[in-house]
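The structure appears below as structure tokens.
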Amino acid sequence: MKTINVDLGKRSYKILVGAGIIEVLGRYLRALGAGDTACVVTNAKVRRFCGRAVSAALKKAGCGVYFHNIPDSELGKSWDCAAGIVNSLAERAGKGRVFVVSAGGGVAGDVSGFAASVYKRGVPFIQIPTTLLAQVDSAIGGKNGVDLQTGKNLAGTFYQPRIVISDINFLLSLDDRQINSGIGEVIKYGLIAEPGLLDFLEDNREAVLKRDKKALEFIVSRCSALKAAYVRRDEYDTGEIRMALNFGHTFGHALEAAGKFRRYNHGEAVGWGISCALRVSEKLGILEDFSVRRRAEALLRAYHLPVKVRGVDPLSLLAAFNKDKKFIGSMTRMVLLEGAGSIKVEKNIPLCLIKEVLKEGKSGRL
């Protein structure tokens with residue numbers, strides 16, 4: 001088992017990575033004193049393959065357990081779903097100290113973290129990510145939120161978990177699309193921070209797709225350490241340090257919203273967003289080495305992530321792009337790449353250039 005520390009003073013916590021480590025949860029919960037009753041936020045599919053293990057680990061710590069199901073899609077990140085969790089917590093008021101456990105992917109983590117942060121102004125929150133994307137990225141760092149009709153993550157809070165348990169065994173039942181979706185975020189880390197991750201993905205594609213535990217543990221632990229370093233330096237995303245993690249996400253979030261959060265999942269959208277962001281970087285002269293994009297797009301294709309998209313309404317794509325939460329008024333802001341491991345936050349990018357890149361990244365007319 002590998003342990004990564006997220007050093008944030010009183011809000012510090014550990015990320016544990018390894019195969020079969022859900023069994024250690026009870027030991028850590030007793031030390032944390034999280035509470036008496038766990039509200040496990042998950043969906044029906046995840047509950048079938050990991051619910052028993054999560055419940056057993058919590059009960060081993062002497063906790064009562066109940067499950068609160070949400071939809072198995074981005075639709076789970078709604079005001080109604082968040083309110084449902086909060087109301088379920090309130091119903092147990094006076095029956096001991098309640099805390100929240102997320103068991104699932106990024107949707108479960110975001111909405112349950114949001115609910116935990118607002119109920120009684122904050123109750124303890126535990127992350128048990130069960131997808132590759134959540135283990136390498138979204139379960140770490142304390143960003144929680146819900147989607148609005150106008151865009152993704154437009155309402156949210158910063159609220160750190162007490163611990164993150166990334167059990168590699170939970171990844172073994174994922175289908176290829178879910179594994180590839182997580183790789184979109186791994187490619188992001190390789191471009192902005194650690195080029196060696198790109199080498200690893202190129203050299204170990206077969207092992208990754210075969211769910212080799214050592215390969216997956218390496219990916220999860222390295223990305224977790226990188227994410228922890230960004231969070232330590234810029235917990236509340238007030239500067240441009242943590243904003244680096246948004247590389248590819250401006251275009252990606254627009255694609256998700258334009259596809260009504262159904263056509264492309266988050267990792268696929270981020271993969272396409274990476275290609276678009278690299279094109280913007282080239283066109284502005286920020287990225288002079290065109291081989292970087294060629295390599296990135298080859299990796300995206302190797303893991304079946306889109307470089308071109310189809311079936312998305314052009315006007316919806318542009319409208320969603322303009323509502324990105326990283327924009328300030330009408331001023332566009334975007335994370336671009338200068339070179340391997342070096343980013344630049346660029347402001348006031350011409351709309352005509354953005355439209356040009358959207359045309360290049362879409363199959364058919366825009």
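- Within the 4.5 Å cutoff, the side chain of L358 has heavy atoms near those of the F251 side chain.
- Judged purely by atom type and a 3.5 angstrom limit, R97 has no side-chain atom pairing as donor or acceptor with the backbone of A34.
- The two atoms that bring K188 and L245 nearest to each other are NZ-O, 3.1 Å, heavy atoms only.
- To the nearest 0.5 angstrom, N153 atom CG is 8.5 Å from K143 atom NZ.
- Atom CD of E338 has more than 12 heavy atoms from other residues, nucleotides or ligands within 6.0 Å.
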#### Entry: Evaluation steps, side chain to side chain contact (heavy atoms under 4.5 Å, CB included), between F158 and V231
CA-CA 11 Å; F158 284 95; V231 173; over 6 Å; no
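- By the criterion of side-chain heavy atoms lying less than 4.5 angstrom apart, applied directly or through intervening Ile, Leu, Val, Met, Phe, Trp or Tyr residues, I128 is grouped together with V24 in one hydrophobic cluster.
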### Query
Does the pair L197 and L201 meet the rule for a side chain to side chain contact (heavy atoms under 4.5 Å, CB included), with working shown?
CA-CA 6 Å; L197 277 170; L201 291 177; 5.5 Å; no
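- Under a 3.5 Å cut-off, the side chain of D212 and the backbone N or O of A215 do form a donor-acceptor pair.
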### Message
For a side chain to side chain contact (heavy atoms under 4.5 Å, CB included) check, start with the C-alpha distance between R263 and R310, then their side-chain angles and the critical distance, and finish with the verdict.
### Response
CA-CA 9 Å; R263 187 167 186 86; R310 63 177 71 239; 3.8 Å; yes
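- Side chain of K227 to main chain of I140: a donor-acceptor pair is present (N/O by atom type, distance under 3.5 Å, no hydrogens or angles).
- Checking side-chain atoms of S166 against main-chain N and O of V17 turns up no donor-acceptor pair under 3.5 Å.
- For the atom pair NZ (K14) and OG (S224), the distance works out to 14.0 Å, reported to the nearest 0.5 Å.
- Proximity of a side-chain donor or acceptor of D234 to a complementary backbone N or O of R232 within less than 3.5 Å is not detected.
- Grouping the Ile, Leu, Val, Met, Phe, Trp and Tyr side chains by contacts below 4.5 angstrom, directly or via other members, places I219 with V270.
- Q178 places a side-chain N or O within donor-acceptor distance of the main-chain N or O of D175, the cut-off being under 3.5 Å.
- When all heavy atoms of G109 and F125 are compared, the closest pair comes out as O-CZ, 3.6 Å.
- In this structure, R47 satisfies the cation-pi test against F67, with its NZ or CZ atom closer than 6.0 Å to the six-membered ring centre and inside 45 degrees of the ring normal.
- Counting only heavy atoms from C-beta outward, the side chains of N5 and S12 never approach each other to under 4.5 Å.
- Clustering ILVMFWY residues whenever any of their side-chain heavy atoms sit less than 4.5 angstrom apart, transitively, puts I163 in a cluster other than the one holding Y159.
- Neither side chain, H249 nor E256, offers a donor N or O lying under 3.5 Å from an acceptor on the other.
- Here the NZ-CG distance, from K344 to L336, works out to 8.5 Å after rounding to the nearest 0.5 Å.
- Here the rule is salt bridge (charged side-chain N to carboxylate O under 4.0 Å, His left out) with E360, and of K283, K355, K308 only K283 fits it.
- Side chain to side chain, D289 and S291 meet the donor-acceptor criterion of an N or O pair below 3.5 Å.
- The CD1 atom of I343 lies 13.0 Å from the CG atom of L287; values are rounded to the nearest 0.5 Å.
- Annotation for S117 and T157: closest pair OG-OG1, 2.9 Å, computed over non-hydrogen atoms.
- Taking the six-membered ring for Trp and thresholds of 30 and 60 degrees, H266 and H253 have ring planes inclined between 30 and 60 degrees apart.
- A side-chain donor-acceptor contact under 3.5 Å links R92 to the backbone of S88.
- The closest donor-acceptor contact from the side chain of K77 to the backbone of A108 lies at 3.5 Å or more, if one exists at all.
- Atom-to-atom distance recorded for L32:CG and I126:CD1 is 6.0 Å, nearest 0.5 angstrom.
- Formation of a donor-acceptor pair under 3.5 Å by the N43 side chain with backbone atoms of D72 is not found in this model.
- E23 has no carboxylate O lying under 4.0 Å from a charged side-chain N of K60, or vice versa, which leaves the two without a salt bridge.
- Using a 4.0 Å cut-off between charged nitrogen and carboxylate oxygen, E297 and R293 count as a salt-bridge pair.
- No side-chain heavy atom of Y230 sits under 4.5 Å from any side-chain heavy atom of D237.
- Taking every heavy atom of both residues into account, E346 and L284 meet most closely at CG-CD1, 4.0 Å.
- Scanning all heavy atoms of the two residues, the minimum distance from G76 to P71 falls at CA-CD, 3.8 Å.
- I183 and L198 end up in the same hydrophobic cluster when Ile, Leu, Val, Met, Phe, Trp and Tyr side chains are linked at under 4.5 Å.
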### Verdict with reasoning, R211 to D176, per salt bridge (charged side-chain N to carboxylate O under 4.0 Å, His left out)
CA-CA 9 Å; R211 321 302 193 268; D176 287 348; 2.8 Å; yes
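- With a 4.5 Å cut-off on side-chain heavy atoms, D110 and F114 do not count as touching.
- A continuous path of ILVMFWY side-chain contacts below 4.5 Å connects W79 to V107, so both sit in one hydrophobic cluster.
- With a 4.5 Å cut-off on side-chain heavy atoms, C223 and V186 count as touching.
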### Audit row: C39, T37, side chain to side chain contact (heavy atoms under 4.5 Å, CB included) steps and yes/no
CA-CA 7 Å; C39 169; T37 302; over 6 Å; no
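- Panel note: side chain R162, backbone G33; no donor-acceptor pair is recorded below 3.5 Å.
- Taking NZ of K260 as the reference point, atom CG of L75 lies at 11.5 Å (rounded to 0.5 Å).
- Closest of all the heavy-atom pairs between L191 and A296 is CD1-CB, 4.2 Å.
- Side chains of F218 and N204 form no contact here, defined as non-hydrogen atoms less than 4.5 Å apart.
- Here the side chains of K213 and L172 are in contact, with some heavy-atom distance below 4.5 Å.
- Counting heavy atoms from C-beta on, the side chains of R279 and E356 never come closer than 4.5 Å.
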